Structure formats: C-alpha cells, structure tokens
Amino acid sequence: MYSIDKEWLNEVIEKIQKKMDWVSDKNHTKVPYTTDENGNYDDRSDESIDWTIDNGINFWTNGFWGGIQWLLYQNTGDEKYRIYAKECEKKLEKCFDMYYGLHHDVGFMYMPTAVANYRLTQDAEARKIAMHAANLLAGRFNPVGKFIRAWNLESKDTRGWAIIDCMFNLSLLYWASEETKDPRFKQIAMMHADTVIKNFVREDGSVNHIVEFNPETGEKVCSYGGQGYEDGSSWTRGQGWGLYGFMISYRHTGKKEYLDTAKRIAHYCIANIPESGFIPVDFRQPKTPAYEDSCGACVIAGGLLELAKEVPDVEKEVYIRPAVKILKAIAEHRSNWDTDCDAIVQNCSGSYHAEKHHITMNYADYYFIESILKLNGEGIFMW
Ligand code: GLY
C-alpha cells in the first residue's frame, strides 16, 4: 500500500497558505491570468475590451481565480477568501449582459465560481447565473454530429469544431441536470462524451486536441494538432483534459466506459512521464527545445488522483505514485515560494507554437493547489 509522505505534504500546504495569503490580498480586485516581467499579476476583468481580443472579462480562465479562493476558504476557514471568491464571481456576471464572447468554456468559468458558491452557501443568485451558463452551453450542441461546438473564432469557420478541453465543461451540464432533475443537460453531455470516445481517443490511449466535423451532416472531416506540436502528436494538457474530463463524466453518470477511457488515457500518460517528472508541452515534441508545461502536469496529476479514488485498493498506487512524482517536481523545482512573483507554478506554456514559453498561468496554480489538497483528502469536488 502506497503511503504519502505526510511531512512533505504538510510543508507544501503551509507554503501554499503563506504565499496565497498575501497574493490574494494584493490581487483580489483583479481577475488575474499571468504575471508580467516584474512578477505582478495582470487583470482580465476589463468589460470594455472587445471580446474578439480574448483578454477581457470573457477570457476563458477567469473562473480559476475564484476557484482558488474557494479552495483556500475551505482549507483555512478564513472568511476573506469567501469574500474574494464572490468578488470574482460578481465580475463574471457581466458576461451575460455582454453575451458576445461567451463560449464553450462557460464550465471552466462558472463551475469554480457560481456553482462552487451555490454548493457551499446555497446562494440563489449564483444558481441562476450557473443555470444561464448551462443553457448557453447546451445551446452549442450540434444534434447531427452529437458534439458541442468549440470557440467563436471570427478568423476561421469553427462551426464543426470540437475540442478535447470541452470534456471539463460537461460538468456544468451534469450539475444542471442534477439540480433541475431535467435529463436534457446530462443527455447532451453524454452524447458529446461518446463522440469524443469515438473520434478523439486513439488506439494507444492518446487523444487529439481538435476534431472537425461537417456541421450539416455530422461526418468527421479531419483532426488538427491545435495547441500541440502537430496533427497526430499529443498535447499534454489535452491528455490531462481528456483523462480528468472522463473521470468527471464517470463520477456524474457511473458509465463504466468513461472510467475505462480515463484509464486508457492515464496509462498513455504514465508511460510517457519523463524521469525528471517535468512534463513537456507535447509528449511527441522534438527533444529540443525542451519546452515544458507545468500546467498540463498539474491537470494530469489531478486526473490521476481522481482515478485513484475509483479503483480497488490494490490498483491505487498505479495512479497515485506518478501523480505525486509530478507534483513533487513542481513543488520542489517549478514553484516560486518567494514574494517576487504573484504566481506559484512556473514554466507553463499556452501551446507548443506560442511566442512565449515558460510563463505563469492562473489555472496551473489552481490545479496544483487542488491536487495538493486532494492528496490531503481536502477540498470539494469542484467539477
Ligand atoms: N483550454 C485551453 C487550454 O488549455 O489552453
């Protein structure tokens, strides 16, 4: 039986608490995404920014800041985190008045904010916001192709595009069905998940990032490498979205095929984790430059820990050991515990072909904190 190094875990939790105490005080009026060259968080809460530019209040990662605050609230019991979480949630409400700019990522935005708030405090206003978001997401379903349409790009025709990341957004649909007892939301989520099994998951357990369908006939047209190295490669964060995403679908439906699919993706990931524990941007990228994505690392670790909860005791170690290896590599070598940077997790990459690599990203911190608390048996299941 695998036993976690409790001394190490407690030390990391203490470091998270110490850092996030001042980081949250310093930044609670913002909705941050990444840090600048001086280590200060930016602010994506501007409502006046054109939604097509994608860095205003509609930005898809804007829920993670609120999610971090809820995790800290639960972990410390400190009221200030509850207040900060609600500040973030309030700002995100504006997106509904604007309407344009809301996208398939409403699950990422409103699960760790409005739904978390509703689950923890039964806030009726938060429930209403989350229901709006769930209806928008359901409205993106293509009933012929049985997929949820990704993005609203102006520059490309994405009417037939679906992406692996969207497995996470399904949580909002499952929540809406559980809450209203209306099965339509869950039916849409399951149809999308089944389409992903058929069209995204490859023989070896790796997954595509983007698949294009004909939006009129539903037939599969092709796949794209998306944020990974190239078509047919395996963008690591996408492997994480798939692995953890199928665990979410399994948790809400009990459908065994979802658990088995999560296992297949997990086994592919485990077989490809480098000795160092540092996760590349793409498991099939060239050896140099050795771009890393610590964010993908944290998402994969979170998925492995969810999987470990659902398997018999004898199998748990298979998933917990690699998750701990990844998290130790982050905590010991890719974390900033000082006051010269607002973010904890370093060396994240938006995509393989991004202009800049090894930046900070708020959702890396979110999934890192979530995973560390999960290892300690804490934190609500946010998804
Ligand atoms: N969902 C987009 C990303 O992971 O960057």
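Just so it is clear, the structure is predicted and the values come from calculations on it, not from any experiment.
For the pair D42/D36, no side-chain contact is recorded, criterion being any heavy-atom separation below 4.5 Å from C-beta on.
R82 and E79 are joined by a salt bridge, as a carboxylate oxygen and a charged side-chain nitrogen come within less than 4.0 angstrom of each other. Between K325 and E275, at least one side-chain N (NZ, or NE/NH1/NH2) sits under 4.0 Å from a carboxylate O, which counts as a salt bridge. Remark: E317 engages R321 in a salt bridge, criterion side-chain N to carboxylate O under 4.0 Å. Classification of E87 and K90 as a salt-bridged pair fails, no side-chain N sitting under 4.0 Å from a carboxylate O. Ion pairing of K156 with E212 is absent here, as no side-chain N (NZ or NE/NH1/NH2) approaches a carboxylate O to less than 4.0 Å. By the 4.0 Å N-to-carboxylate-O rule, K19 lies too far from D365 to be salt-bridged with it. Salt-bridge check for R202 with D204: failed, with every basic side-chain N at 4.0 Å or more from each acidic carboxylate O.
No side-chain N or O of K94 forms a donor-acceptor pair with one of N58 less than 3.5 Å apart. A donor-acceptor contact closer than 3.5 angstrom links the side chains of Y268 and S234.
Between W175 and F381, the gap from one ring centroid to the other reaches at least 6.0 Å. Between Y367 and F64, the distance separating the two ring centers is shorter than 6.0 angstrom.
Between Y366 and the options T61, I68, V299, a side-chain contact (heavy atoms from CB on, under 4.5 Å) holds for only I68. Checking each of T339, D342, D21 against K26 for a side-chain hydrogen bond (donor to acceptor under 3.5 Å, both in side chains) leaves exactly one that passes, namely D342. Of the candidates Y110, Y174, F168, F168 is the only one forming a ring pair (Phe, Tyr, Trp, His ring centres under 6.0 Å) with W383.
Classification of the W65-Y41 ring pair by plane angle, with boundaries at 30° and 60°, yields perpendicular.
When atom types are taken as modelled, the side chain of N169 and the backbone of G107 share a donor-acceptor pair closer than 3.5 angstrom.
R334 forms a cation-pi arrangement with F278, by the criterion of a distance under 6.0 Å to the ring centre and an angle within 45° of the ring axis.
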Open item on the list: Between I248 and L170, does the side chain to side chain contact (heavy atoms under 4.5 Å, CB included) criterion hold? Intermediate values first, please.
Closed with: CA-CA 8 Å; I248 292 170; L170 303 186; 5.6 Å; no
